[in-house]
Amino acid sequence: MFTFEHPRKPRRPDLTPMIDVVFLLLVFFMLVSRFGAQSVLPLYPAGGDGAASWDGPPRVVDLYANGEIGLNGEPVFAEHLSGWLRPLMPSPDSPVILRTHDADLQQLADAVDRLSGAGITRLIVME
């Protein structure tokens, strides 16, 4: 007749590789996550109840996808933008409209940082 080997005891699965993978995923997500306060762009909504009024000349900053910046339709250098805006503002807290013409978010953030650093804090973003 046939001779069979002695039956082996069933082996338990080894969980060590799976635990290693879970640990590596945990370490990865801990390294790529950001802790602490996120930086925010201080912007004002363009819409409203209609109670606000516009004082003074237009103050429209155009941000273009190629990196150019315009003020009321005229091209300006980014370094001179706040200097050109100051005479157009009746008060330091006058609103300034930022229009993005296919500009990316980084260009918008750079413009907001530059204007906020110059003391122009009331910014309205429009597409």
Side-chain angles (χ1 to χ4, degrees):
M1 290 270 354
F2 297 108
T3 59
F4 294 107
E5 293 184 23
H6 297 303
R8 285 193 244 168
K9 290 173 51 177
R11 289 181 45 175
R12 294 179 52 195
D14 188 12
L15 296 179
T16 305
M18 187 176 70
I19 292 171
D20 290 342
V21 168
V22 170
F23 180 75
L24 287 173
L25 285 173
L26 176 68
V27 169
F28 172 78
F29 285 114
M30 285 176 57
L31 291 176
V32 298
S33 63
R34 302 179 99 193
F35 297 104
Q38 299 289 326
S39 61
V40 294
L41 297 175
L43 303 174
Y44 289 84
D49 57 0
S53 63
W54 186 272
D55 295 330
R59 296 172 297 275
V60 179
V61 176
D62 296 308
L63 304 172
Y64 297 99
N66 60 2
E68 293 181 4
I69 296 177
L71 175 62
N72 294 335
E74 297 294 323
V76 295
F77 291 110
E79 298 83 23
H80 306 295
L81 180 60
S82 60
W84 283 94
L85 271 171
R86 287 280 177 214
L88 299 175
M89 300 175 69
S91 66
D93 63 341
S94 296
V96 174
I97 295 176
L98 295 173
R99 249 187 339 194
T100 59
H101 299 276
D102 296 327
D104 60 5
L105 184 60
Q106 185 61 50
Q107 290 171 317
L108 176 64
D110 291 342
V112 168
D113 285 341
R114 186 177 303 275
L115 293 173
S116 296
I120 301 170
T121 57
R122 195 154 178 219
L123 303 171
I124 301 169
V125 176
M126 297 181 70
E127 288 186 295

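Sequence positions, counted from 1, serve as the residue numbers for this chain. Nothing here was measured: the structure is a model prediction, and the numbers come from that model.
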Next item on the list: Please report the C-alpha distance between Asp102 and Leu63 in whole Å, then the side-chain angles of each, then the deciding distance to 0.1 Å, and finally whether the side-chain contact (heavy atoms from CB on, under 4.5 Å) criterion is met.
Entry: CA-CA 8 Å; Asp102 296 327; Leu63 304 172; over 6 Å; no
Check: Are Thr16 and Ile19 close enough, and set up right, to give a side-chain contact (heavy atoms from CB on, under 4.5 Å), and what steps lead you there?
Finding: CA-CA 5 Å; Thr16 305; Ile19 292 171; 5.8 Å; no
Checklist line | Derivation and outcome, side-chain contact (heavy atoms from CB on, under 4.5 Å), residues Met126 and Thr100 | finding: CA-CA 7 Å; Met126 297 181 70; Thr100 59; over 6 Å; no
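Within the 4.5 Å cutoff, side-chain heavy atoms of Val112 are placed close to those of Leu98. Taking the side chain as every heavy atom from C-beta outward, Leu24 and Phe28 never approach each other to under 4.5 Å. By the 4.5 Å heavy-atom criterion applied to side chains, Leu26 and Met30 are counted as neighbours. No side-chain heavy atom of Val60 sits under 4.5 Å from any side-chain heavy atom of Val96.
Hydrophobic clustering keeps Phe77 apart from Leu88 (ILVMFWY residues linked when any side-chain heavy atoms are closer than 4.5 Å, directly or through intermediates). Note on Val21: it clusters hydrophobically with Phe29, by side-chain heavy-atom contacts below 4.5 Å among ILVMFWY residues. Note on Tyr64: it does not cluster hydrophobically with Trp84, by side-chain heavy-atom contacts below 4.5 Å among ILVMFWY residues. A chain of hydrophobic side-chain contacts below 4.5 Å, direct or via other Ile, Leu, Val, Met, Phe, Trp or Tyr residues, connects Val32 to Leu25.
How far CZ of Arg122 is from CD1 of Ile97: 10.5 Å, rounded to the nearest 0.5 Å.
Put simply, the residue from Ile69, Asp62, Val61, Leu85 that forms a side chain to side chain contact (heavy atoms under 4.5 Å, CB included) with Val76 is Ile69.
Across every non-hydrogen atom of Ser94 and Pro90, the tightest pair is OG-CD, 3.4 Å. The two residues Pro95 and Arg59 make their nearest non-hydrogen contact at O-NE, 2.9 Å.
Side chain of Gln107 to main chain of Asp104: a donor-acceptor pair is present (N/O by atom type, distance under 3.5 Å, no hydrogens or angles).
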